[in-house]
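Since the model is a prediction, treat every value here as computed from it, not as a measurement. Sequence lines set the chain letters: A, B, ... in the order given, protein chains first and strands last, and positions in each chain run from 1. Note: hydrogens, waters and symmetry copies are ignored here, and every other heavy atom, side chains too, is used.
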Amino acid sequence: MDFKKIEQKWQERWEKERVFEAVDFADKPKFFGLIEFPYPSGVGIHVGHLKAFLSMEAICRMKRLMGFNVLFPIGWDAFGLPTENYAISHNIPPRVATDTNIANIKRQIKSFGFSFDWSREIDTTDENYYKWTQYIFSQLYKKGLAYRSKALVNYCPHCDCILSNEESQGGICDRCSSSVEQREKEVWFLKIRDYAERLLNGLDSLDFPERVKEETRHWIGKSEGAEIDFEVRAGEEKDSLTVYTTRCDTIFGATFMVIAPEHPLVDKYKEYISNIDEVEEYKAQAKKKSEFDRVQLNKEKTGVRLVGLNAINPLTKEELPIFIADYVMMGYGTGAIMAVPAHDERDYDFAKKYNLNIIQVIQGEEGGDLPYTDIDSGVMVNSSFLNGLKVKEAIAKMKEYLSEHGIGHAKVNFQMKDWAFNRQRYWGEPFPIVYCDKCGTVLVEDLPVVLPEMKEFKTNSKGQSPLAEVDSFVHTTCPHCGGPARRETDTMPQWAGSSWYFLRYMDPHNKDIFASMDKMKYWGPVDWYNGGMEHVTRHLIYSRFWNMVLFDLGLVPFEEPYRKRSTVGLVLGEDGNKMSKSLGNTVDPMAVADQYGVDVVRMYELFMADYESPAPWSSENIVGCKRFLDRVERMADFIVDKPISDEHVSLFNDAITKVTQDIQNMKFNTAISALMTTLNVIYQDKYISREEFRDFLTLLYPFAPHFSEEMNERLSLGDMLCKSSWPTLRVDNSEKKVNLPVQVNGKMRGLVIIKENATQEEAMSALLGDEKIKSFITGDVKKVIFVPNKIINIIV
RNA sequence: GGCGAAGUGGCGGAAUGGUAGACGCAUCAGACUCAAAAUCUGACGUAGGCAACUACAUGAGGGUUCGAGUCCCUCCUUCGCUACCA
C-alpha cells in the first residue's frame, strides 16, 4: 500500500468533510479532550509530543464514533525564552522565528493525521489572545491578588531573569540548567498562596493519578504548627522575635534561638552586637553560597552567635542565646526558630558543634536516643504542666496555653510561595501597568498593550527587559490623570498564556470576552487532560489557580478546570537513557514516518509499552506494527460470503470488549495486541465475513486511521469510518466452554474443558475422567476449593 | 534525608489473589524459491529426558493463603519528584 498517497488522500477527505470540528451546543453528550499545547521550538516535533497526543487522539476518535460531540483542540504556547534566545543568536525577530516555527511544527503535526479541530487553533503570542491574558492579569490585580514588592528572588545569571520557585527547583534554572542565585529585585507576585488550601483540598474530588496528587500536595506543603513570640533583649531595649514551630510541645526544651542570615533583627540591633564584624562576614558568605550549596545534605551546620542579643523563653523565662545560621531560611515560616536540640536533628547537630545546652523534654518509649523526634510515642517530662502527656496531647494543650496567655497562636504554613510573575525579557505578554508620578501604579484598561517590534533583544546591563530601551513604548500617558507615565517594561512569564488556554478553546473567536459563559457552560470543564509529569508542580497548579480566581469573580462557571488527568510516560532513547542531543540518541519521527508511514509510527508509540511508563524506543520492534498492518491488508484474501460462525461471534465480541475497555483505560498496548491476536485467529481459520472485517477496521481506526479508511473503501465495506459508529456486541448463542485449571494441593496438574458456569460436581466428574489428573489424587480428598470458571483445587 | 513508582525470558513487555511469560522483536527449523528477500507454518524461560513428563523459576529473605509476580514484613537495586519543611 502506498502510504504516502493514502495519508494525503484521507487527510484531505477528513478536512473536506469537517468531521473533526466541534459543534457548539450540539444535542449530543460532549467530550472535551485536552492535550498540553506544544511549544513551537525550532527543533520541531519529537516522538514525545506524538505519544502525548496519540492517547487523546485514539480516545477522541473512538468517542466520536460512540456519538459524542468531541472537542479536541490544538494551539501554540509560543511566548518564552528559547525562541527569544534563538532570535538573538540568529538575529531574527522573535515574531518571525515564532511564525516560522509554528508553520513547521504545524505541517509536521498535520502530516500525522491527528483529528484536531483546526478551526479553533490558538496562539498565545497573537494580540487577540494575549489581550485576554492581560485582561485576566488586571482582574487579579483589581482583586488584590497581584502585588509588587522588593524581594529576594531566584535569579538566573545566564538568562538575566527572575525565576519563580517552580522554575528553579533544586536551585537549577528550568531553561538553561545554570545555578540560580538569590538577588533582591522589584518583583510582581501573584498571591497563589491565598489559594493554597483550596488547591490542596480540591484535589480530593478530582480524578487525577495518585502520584500527581501526592506531588502536588508535597509541593503545596501544608504544615500545621504555631507562632510563638519570644522577647528579645538588646542592652536596655526590648523587642520581640516570632518563631514558627510544629513542635510547640517542646518549648521547655528550647535552649537557643536561630534566625536566618537575612533576618532584619541583625540590622536593627547592629550596635548592640559586639561581634558584628564576624556576623557580617558570615552573612556575606551565606549570600555567596548558591542554593545548591546551602541545600547539600549532611553538610556541617555553621552559624555565629549574636553576642549582646538574647531571647527570653516565654515559658521558663530563661535567657537564650541567638545565632544566625544558614540552615534557617528567611523564606519559610518567620525566618526564625526556637532550637530544641533534644528533639530536632538539625538543632542537635548545631548544639553538639557549638557545645550548647541540651534539655530532654520527651521520654521515648524504648531507650529514646537523642535527638528523639518521634511524635507518635513518648511522654512529656521536664515540662511543667505538660508532664505526663503524650506528644500530640501536649501540642494541643500548648496551643491553647499560647493563645490564652497572648504569647502565640496556632498557625498553618505552606511551603508553596507566591508566584514571581515578571521576567526581564522581551518575548512575553507586556503588563497592562503604567507608573505615574501623580497616581502611582495604574492599570491600563485599554487592551491589548501591544508588544512593540524591536531590532535588538539583549537584556541591558541594568538587568532590565529589552523593552526599557524602547522609548515609544516606555513613555506614555497615565490613563487616570493624562499626565506623563512610564510603562512596566518587564513581561509575563511563559506560564501566563498556558494558565487559561483551555478556556479559549471553548470560544476561540470571541471578541468581547475571553470566552462566553454559555459556551463554557456547555463545554467545560475539560473532561480529560493528558500531559507530562513535569507539569504537575508548575502549569497544573498555576492554571487551577487562575481558573479558581476567575470562578470567584463569576467569570467562569466551574471551580476546577480539569475533571480527569492522565500522564504520559517518557519515550527514552534506544540506549535506555533520556533522549538528548548530547547523547545522540534522539529519534526523528518524521524520518521514521517516511520509512514506515504515519500509521505505523502512531501504532508503535502506543504499542511499545504501558502508556504511562517510560519506555525505550526500538527501531527493530517497530517493524512488528508494520507487519501487522501488512497482514491486515492480506486478510482480505480470507473474505468469504457466509454467516458468522458462533466461534467468530465470540472472537469479535471479545475483541470489541477488550479494545473498547483498553482505550478507555489507556491500555493501548493490550488493545493493539488484542487486535493482533484476533488477526492471528483469522489466519488460522482462513475466513472472515465482510461485516467482521469492517468491525475489525473500525477497532483499528483510532490507531491507524488512514490505513483503516483506505481498506474500508477498497473493500467497499461501507461509509467512511470517520462517519460511522463504534461496533456493538452480537448476540452470542453458542454454549461457552472454559478451560478450568486443576490444582492438586495447590500445584497445577492439568486442565479440563467444561461448559461455562459449570458446577463443582460437574467439574469434579470431568477431572476424574482425566487419567493424568486422577493419578495425582492419591489418598482421601480433604477439601475442594472451587471458583467457577477460574480454578478447582483439590486438597488430599 | 523525605515522598512516589518499579524490579518478570536474549529484548520491549502481558497477567480483577487462580494455567506466569499474552502480543511484538530477535533467534532457530520447515514450506515456497534456482537462490535470497518477502510471505506462510512451527519451535522458543532454565535443567534433566527421544518423548510423554518432572523439577526449578517473576531482585533477596521471611510471612499470610488451598493457591502469591500480585497481599504483609525486612533488605538490596533502579528511576522519578523533593530537598536543612523548623
Side-chain angles (χ1 to χ4, degrees), chain A residues 169-171 209-219 221-223 225 243-247 250 258 260 291-292 294-299 301 325-329 331-340 344-347 349-350 413-416 533-534 536-537 569-570 572 574 576 578 603-604 607-610 612-628 630-631 634 667 669-680 683-684 686 739-751 772 782-787 789-796:
Chain A
Q169 296 177 15
E210 204 43 49
R211 62 196 177 118
V212 171
K213 291 189 183 182
E214 274 306 311
E215 257 183 44
T216 310
R217 286 187 190 113
H218 190 216
W219 184 255
K222 181 176 177 175
S223 119
V243 302
Y244 176 73
T245 177
T246 52
R247 296 297 306 277
T250 61
V258 185
E291 182 91 352
F292 184 73
R294 262 181 93 158
V295 143
Q296 274 300 298
L297 206 69
N298 294 331
K299 192 198 63 163
K301 300 276 178 290
D326 61 10
Y327 80 88
V328 171
M329 310 292 161
Y332 185 71
T334 59
I337 62 159
M338 64 173 197
V340 184
D344 181 281
E345 280 180 40
R346 293 152 302 168
D347 299 345
D349 292 345
F350 196 82
N413 255 332
F414 293 97
Q415 204 61 40
M416 185 171 69
M533 254 341 254
E534 71 275 18
V536 169
T537 52
L570 277 183
L572 305 171
E574 204 135 8
K578 230 182 221 183
M603 283 194 83
Y604 176 63
F607 178 67
M608 60 196 295
D610 178 67
E612 308 208 40
S613 317
W617 180 272
S618 162
S619 51
E620 283 188 339
N621 289 5
I622 191 171
V623 305
C625 292
K626 171 71 177 155
R627 281 183 200 150
F628 169 69
D630 289 346
R631 273 163 72 83
R634 285 192 297 272
K667 298 287 174 198
N669 54 338
T670 50
I672 292 168
S673 81
L675 289 171
M676 289 172 167
T677 306
T678 307
L679 177 103
N680 289 345
Y683 265 67
Q684 295 293 319
K686 295 194 167 40
N739 290 343
L740 188 77
V742 180
Q743 296 183 339
V744 179
N745 289 338
K747 272 196 188 282
M748 268 299 300
R749 292 304 182 185
L751 280 177
K772 195 191 114 200
K782 277 198 216 150
K783 192 177 172 186
V784 177
I785 286 117
F786 177 69
V787 183
N789 304 325
K790 285 289 180 192
I791 201 142
I792 184 160
N793 189 4
I794 295 154
I795 315 302
V796 296

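Using a 4.5 Å heavy-atom cutoff, the side chains of L675(A) and F628(A) are in contact.
For A14(B) and G45(B), the C1' atoms lie 15 Å apart once the distance is rounded to whole Å. Taking the P atoms as reference points, A57(B) lies 31 Å from G4(B), given to the whole Å. Taking atom P in both C53(B) and A5(B), the straight-line distance is 42 Å, to the nearest Å. Comparing G1(B) with A15(B), their P atoms are spaced 34 Å from each other, to the whole Å. Nucleotides U46(B) and C34(B) are separated by 42 Å at their C1' atoms, to the nearest Å. Look at the P atom in both G62(B) and G69(B): the space between them is 15 Å, to the nearest Å. Nucleotides A60(B) and G7(B), compared at atom P, are 13 Å apart to the nearest Å. Here the separation of G17(B) from G80(B), taken at their P atoms, is 29 Å to the nearest Å.
Contact annotation: Q743(A) side-chain N/O to U65(B) OP1/OP2 distance is not under 4.0 Å. Regarding contacts with the backbone of A14(B), a side-chain N or O of N669(A) is found under 4.0 angstrom from either OP1 or OP2. Regarding contacts with the backbone of C56(B), a side-chain N or O of K747(A) is found under 4.0 angstrom from either OP1 or OP2. For A38(B), neither phosphate oxygen OP1 nor OP2 lies less than 4.0 angstrom from any side-chain nitrogen or oxygen of R634(A). Distances shorter than 4.0 Å separate none of the side-chain N or O atoms of R749(A) from OP1 or OP2 on C53(B). In this structure, Y332(A) reaches the A86(B) phosphate: one of its side-chain N or O atoms is under 4.0 Å from OP1 or OP2. OP1 or OP2 of C40(B) lies within a sub-4.0 Å distance of a side-chain N or O belonging to R631(A). Checking the phosphate oxygens (OP1, OP2) of G4(B), no side-chain nitrogen or oxygen of R217(A) falls inside 4.0 Å. A close approach under 4.0 Å does not occur between any side-chain nitrogen or oxygen of N621(A) and OP1 or OP2 of G13(B).
Between Y683(A) atom OH and C40(B) atom P there is a gap of 5 Å when expressed in whole angstrom units. Distance, I622(A) CD1 to A26(B) P: 13 Å, rounded to whole Å. Summarising the geometry, the separation between CD on E612(A) and P on C81(B) is reported as 16 Å, rounded to the nearest angstrom. Summarising the geometry, the separation between CG on L572(A) and C1' on A6(B) is reported as 13 Å, rounded to the nearest angstrom. Between the P atom of A38(B) and the CZ atom of R627(A) lies a distance of 7 Å, rounded to the nearest Å. To the nearest angstrom, C1' of A6(B) lies 15 Å from CG of L570(A). At whole-Å resolution of the value, CG in D349(A) and P in G1(B) are 14 Å apart. The distance from atom NZ of K790(A) to atom C1' of A15(B) is 11 Å, rounded to the nearest whole Å.
Among the atoms of the strands shown, base atoms are found under 4.0 Å from some heavy atom of R346(A). Using a 4.0 Å heavy-atom criterion, one finds that I337(A) contacts the bases of the nucleic acid, with or without backbone contacts as well. Using a 4.0 Å heavy-atom distance criterion, D610(A) is classed as a sugar-phosphate-only contact. Within the 4.0 angstrom heavy-atom criterion, base atoms lie near F607(A). N793(A) comes within 4.0 angstrom of a base, heavy atoms only. The residue S618(A) sits apart from the nucleic acid: no heavy atom pair falls under 4.0 Å. Residue contacts for E574(A): at a heavy-atom cut-off of 4.0 Å it reaches no nucleic acid atom on any strand shown.
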Derivation of the salt bridge (charged side-chain N to carboxylate O under 4.0 Å, His left out) call for R634(A) and D630(A)
CA-CA 6 Å; R634(A) 285 192 297 272; D630(A) 289 346; 5.1 Å; no
Could you go step by step and tell me if E214(A) and R217(A) meet the salt bridge (charged side-chain N to carboxylate O under 4.0 Å, His left out) rule?
CA-CA 5 Å; E214(A) 274 306 311; R217(A) 286 187 190 113; 2.8 Å; yes
Are E215(A) and T537(A) close enough, and set up right, to give a side-chain hydrogen bond (donor to acceptor under 3.5 Å, both in side chains), and what steps lead you there?
CA-CA 7 Å; E215(A) 257 183 44; T537(A) 52; 5.3 Å; no
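Distance from the side chain of P741(A) is smallest to U19(B) among C25(B), U19(B), G4(B). Counting only heavy atoms from C-beta on, P616(A) has its side chain closest to G12(B) among A26(B), C23(B), G12(B). Of the listed nucleotides (U41(B), U19(B), A15(B)), A15(B) has the atom at the smallest distance from the side chain of T670(A). Here the side chain of E620(A) is nearest to one of G42(B), G12(B), A26(B), namely A26(B). The side chain of S673(A) has A22(B) as its nearest neighbour among G42(B), U19(B), A22(B). Side-chain atoms of Y327(A) lie closest to C84(B) of the nucleotides C84(B), G4(B), G18(B). Comparing atom distances between the E215(A) side chain and each of G13(B), C81(B), C53(B) picks out C81(B) as nearest.
For the pair K301(A) and F350(A), the cation does not sit on the ring face, since its NZ or CZ is not both under 6.0 Å from the ring centre and inside 45° of the axis.
To the nearest 0.5 Å, the span separating SG on C625(A) from CE on M608(A) amounts to 10.0 Å. Once rounded to the nearest 0.5 Å, the distance linking CE of M533(A) with CZ of R211(A) reads 4.5 Å.
In this structure, G9(B) is classed as syn because its glycosidic torsion stays within 90° of zero.
Between T537(A) and N680(A), it is N680(A) whose nearest contact on RNA chain B lies nearer the 5' terminus. For the pair A615(A) and N739(A), both in contact range of RNA chain B, the more 5′-proximal nearest nucleotide belongs to A615(A).
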So what's the dot-bracket for RNA chain B: Watson-Crick or G-U pairs under 3.5 Å, [ ] if a pair crosses, | if it pairs off-strand?
(((((((..(((.....[....))).(((((.......))))).((((....))))..(((((..]....))))))))))))....
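A donor N or O paired with an acceptor N or O is not found under 3.5 Å between the base of C66(B) and the side-chain atoms of K782(A).
In E534(A), the CD atom is crowded: over 12 heavy atoms of neighbouring residues, nucleotides or ligands sit closer than 6.0 Å.
Closest of all the heavy-atom pairs between N789(A) and L740(A) is C-CD1, 3.9 Å. Residue Y604(A) comes nearest to S618(A) through the heavy atom pair OH-N, 3.1 Å, listed as atom of the first residue, atom of the second, then distance. Across every non-hydrogen atom of G750(A) and K772(A), the tightest pair is CA-NZ, 4.2 Å.
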